[in-house]
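I have placed the structure first, in the form of structure tokens, so that the comments after it can refer back to it.
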Amino acid sequence: MTTMKMRSLSEISIKSNAVLKHTAAKRARNIIGMAFYYFVLLSLSFVFVYPLLYIISKSLMRPEDVADATIRWIPKMFSLGNYKVAAEYLNYWPSLLNSVIISFGSAALQIISCSLIGYGFARYRFPGQTFWLAMVVFTFLVPPQTFVVPLFSFFLDLNWVNTHLPFVVPAVMGHGLKGALFVLIFIQFYRQLPNVLEEAARIDGAGAFRTYWGIMLPLAKPAMLVVFLFSVVWHWNDTFEPNLYLLVPEYFNLSQSMAFFNGIADVSSMQAASSTGASSAIGQAPTLQNQIMAGVMLTILPILLLYLFTQRYFVESVERTGIAGE
């Protein structure tokens with residue numbers, strides 16, 4: 001009897017040791033996995049945050065700090081005067097207003113038009129549907145540079161050059177910058193919604209447009225937010241189409257004004273270097289890099305603030321676009 005008890009205690013002790021070893025090994029693997037996860041996360045974060053930190057650092061430097069090779073990140077004295085100079089060269093407030101009109105106006109109109117088009121493709125069957133859907137994909141794949149000449153001539157005949165109409169009117173029609181992609185996003189979202197919603201609306205006597213406007217569109221808020229943010233950012237950063245249609249400085253958006261300011265700064269630096277003969281002295285050449293970085297910061301600041309206040313909803317919207325339907 002005593003021998004059996006001792007054998008049972010020995011077996012329990014062996015099992016306990018095995019469980020402890022397994023738990024310790026599992027905990028060690030979890031720690032190593034979490035360490036690797038955070039290492040990769042911090043490494044990727046640094047890649048994206050580094051340019052922003054560089055811009056902020058340079059924008060707060062004086063010219064002598066920029067030219068000083070011993071100063072890398074922290075200047076000897078912080079200066080906010082660069083932002084004042086950059087704002088004057090950028091004609092900041094009028095340029096900001098033009099950017100807001102083009103970006104936010106086009107984004108709002110694209111939400112309405114692209115969602116309606118996407119709903120039609122996703123929930124209805126009509127003759128030539130495959131062909132027209134292929135045309136939508138085709139307009140997304142073809143680069144805009146290939147048909148820019150006839151498009152510019154068309155807008156010129158309509159006297160739309162140097163106005164916001166070349167950006168706003170195509171957005172009303174579901175086109176504009178990346179409009180075809182937004183249509184495809186709405187198509188994919190509406191296809192995942194359950195059919196019983198529309199069946200219940202038909203039983204209640206709702207027509208096609210009422211069903212779309214009263215039931216389906218409110219459910220598409222996740223897709224609407226994704227499209228809105230993408231459209232705003234792409235319009236905000238775009239310089240190709242604005243350089244075609246906005247030829248007068250009073251209609252420039254921030255991206256155009258920033259490019260114009262960068263050109264002025266390069267010319268001014270070369271003229272100052274040639275007049276002072278300082279270009280041959282290493283680390284002493286005149287530079288306006290601090291003012292350029294201040295202009296870049298002023299240009300991207302509205303988008304950074306927009307993302308700061310909407311990033312949580314944006315992530316939730318991306319997750320909710322995977323709703324399973326019937």
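In this structure, the side chain of Glu198 does not engage the main chain of Met216 through any donor-acceptor pair within 3.5 Å. A distance-only check finds a donor-acceptor pair linking the side chain of Thr146 to the backbone of Pro143 [under 3.5 Å]. Side chain of Asn290 to main chain of Ser59: no donor-acceptor pair is present (N/O by atom type, distance under 3.5 Å, no hydrogens or angles). Between the Gln256 side chain and the Pro242 main chain, a donor and an acceptor come within less than 3.5 Å of each other. At distances below 3.5 Å, not a single donor-acceptor pair connects side-chain atoms of Asp238 with backbone N or O atoms of Trp234. Side chain of Ser106 to backbone of Ile102: a donor-acceptor contact under 3.5 angstrom is found. Within the 3.5 Å criterion, the main-chain N or O of Trp236 finds a donor-acceptor partner in the side chain of Ser255. With Asn243 contributing its side chain and Thr239 its backbone, the two residues share a donor-acceptor pair below 3.5 Å. One N or O on the side chain of Thr139 and one on the backbone of Val136 form a donor-acceptor pair closer than 3.5 Å.
Here the closest non-hydrogen pair linking Ala86 and Gln291 is CB-O, 3.7 Å. Gln110 and Ser231 get closest at one heavy-atom pair: OE1-OG, 2.6 Å. The shortest heavy-atom contact between Gly295 and Thr299 is O-OG1, 2.8 Å. In terms of heavy-atom proximity, Thr211 sits nearest to Ala206 at OG1-CB, 3.7 Å. Here the shortest heavy-atom pairing between Asn98 and Asn253 reads CB-CA, 4.2 Å. In this structure, Phe121 and Arg191 approach most closely via the heavy-atom pair O-NH2, 4.5 Å.
Side-chain contact between Leu116 and Trp213 is absent, with no heavy atoms from C-beta onward closer than 4.5 Å. Counting only heavy atoms from C-beta outward, the side chains of Val148 and Phe240 approach each other to under 4.5 Å. Contact of the Leu60 side chain with the Tyr83 side chain is registered, since non-hydrogen atoms from C-beta on lie closer than 4.5 Å. Within the 4.5 Å cutoff, side-chain heavy atoms of Trp160 are placed close to those of Val169. By the 4.5 Å heavy-atom criterion applied to side chains, Phe104 and Val232 are counted as neighbours. Annotation: side chain of Ile215 is not in contact with side chain of Pro218 (no heavy-atom distance under 4.5 Å).
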Name the atoms and distances for all side-chain donor-acceptor pairs under 3.5 Å in residues 32-52, with sequence neighbours left out.
residue	atom	partner	partner atom	Å
Ser43	OG	Phe39	O	2.7
Ser45	OG	Leu41	O	2.7

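Taken together through direct or relayed side-chain contacts under 4.5 Å among Ile, Leu, Val, Met, Phe, Trp and Tyr, Val226 and Leu184 form part of one hydrophobic cluster. The hydrophobic clustering, which links ILVMFWY residues whose side-chain heavy atoms are closer than 4.5 Å, places Trp93 and Ile300 together. Hydrophobic cluster membership is shared by Phe261 and Val296, with clusters built from Ile, Leu, Val, Met, Phe, Trp and Tyr side chains linked at under 4.5 angstrom. A continuous path of ILVMFWY side-chain contacts below 4.5 Å connects Leu158 to Val248, so both sit in one hydrophobic cluster. The hydrophobic cluster containing Val172 does not contain Ile117, counting ILVMFWY residues as joined when their side-chain heavy atoms lie under 4.5 angstrom apart, directly or transitively.
For the atom pair CG of Leu301 and CG of Leu306, the computed distance is 11.0 Å after rounding to the nearest 0.5 Å. If you take CZ on Phe260 and CG on Leu90, they are separated by 10.5 Å, rounding to the nearest 0.5 Å. Rounding to the nearest 0.5 Å gives a distance of 14.5 Å between OH of Tyr89 and CG of Leu298. Expressed to the nearest 0.5 Å, how far CD of Gln289 lies from CG of Asn262 amounts to 10.5 Å. Note that CD1 of Ile185 and CG of Leu181 are 4.5 Å apart. Values are rounded to the nearest 0.5 Å. Here the straight-line distance linking atom CG of Asn91 with atom CG of Leu96 works out to 11.0 Å at 0.5 Å rounding.
Residue Tyr119 is tested with Phe189, Phe186, Tyr190 for a ring-ring contact (aromatic ring centres under 6.0 Å, His included); the sole match is Tyr190. Results of the ring-ring contact (aromatic ring centres under 6.0 Å, His included) test with Tyr245 over Phe154, Tyr251, Phe252, Phe155 single out Phe155 as the only residue that passes.
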Test log, rule side-chain contact (heavy atoms from CB on, under 4.5 Å), inputs Met293 and Ile56: CA-CA 7 Å; Met293 292 298 106; Ile56 296 174; over 6 Å; no
Verdict with reasoning, Ile187 to Leu133, per side-chain contact (heavy atoms from CB on, under 4.5 Å): CA-CA 10 Å; Ile187 290 175; Leu133 183 58; 3.7 Å; yes
Stepwise side-chain contact (heavy atoms from CB on, under 4.5 Å) check, Asn195 with Arg123: CA-CA 9 Å; Asn195 295 326; Arg123 312 298 288 193; 2.9 Å; yes
Step-by-step side-chain contact (heavy atoms from CB on, under 4.5 Å) determination, Leu246 to Glu241: CA-CA 8 Å; Leu246 304 178; Glu241 289 190 354; over 6 Å; no
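In summary, the side chains of Asn82 and Arg62 do not present any donor paired with an acceptor at a separation below 3.5 Å, with no hydrogens or angles considered. Inspection of the Ser115 and Tyr212 side chains reveals an N or O donor paired with an N or O acceptor under 3.5 Å.
Few gaps surround CH2 on Trp73; more than 12 heavy atoms of other groups in view lie less than 6.0 Å from it. Around the OH atom of Tyr92, the shell of radius 6.0 Å holds more than 12 heavy atoms that belong to other residues, nucleotides or ligands. No more than 12 heavy atoms of other residues, nucleotides or ligands lie within 6.0 Å of CE in Met173, so this atom counts as exposed by the packing criterion.
Under the salt bridge (charged side-chain N to carboxylate O under 4.0 Å, His left out) criterion, Lys76 pairs with Asp68, not counting sequence neighbours. For Leu97, the side-chain contact (heavy atoms from CB on, under 4.5 Å) partners at least two apart in sequence or on another chain are Ile101.
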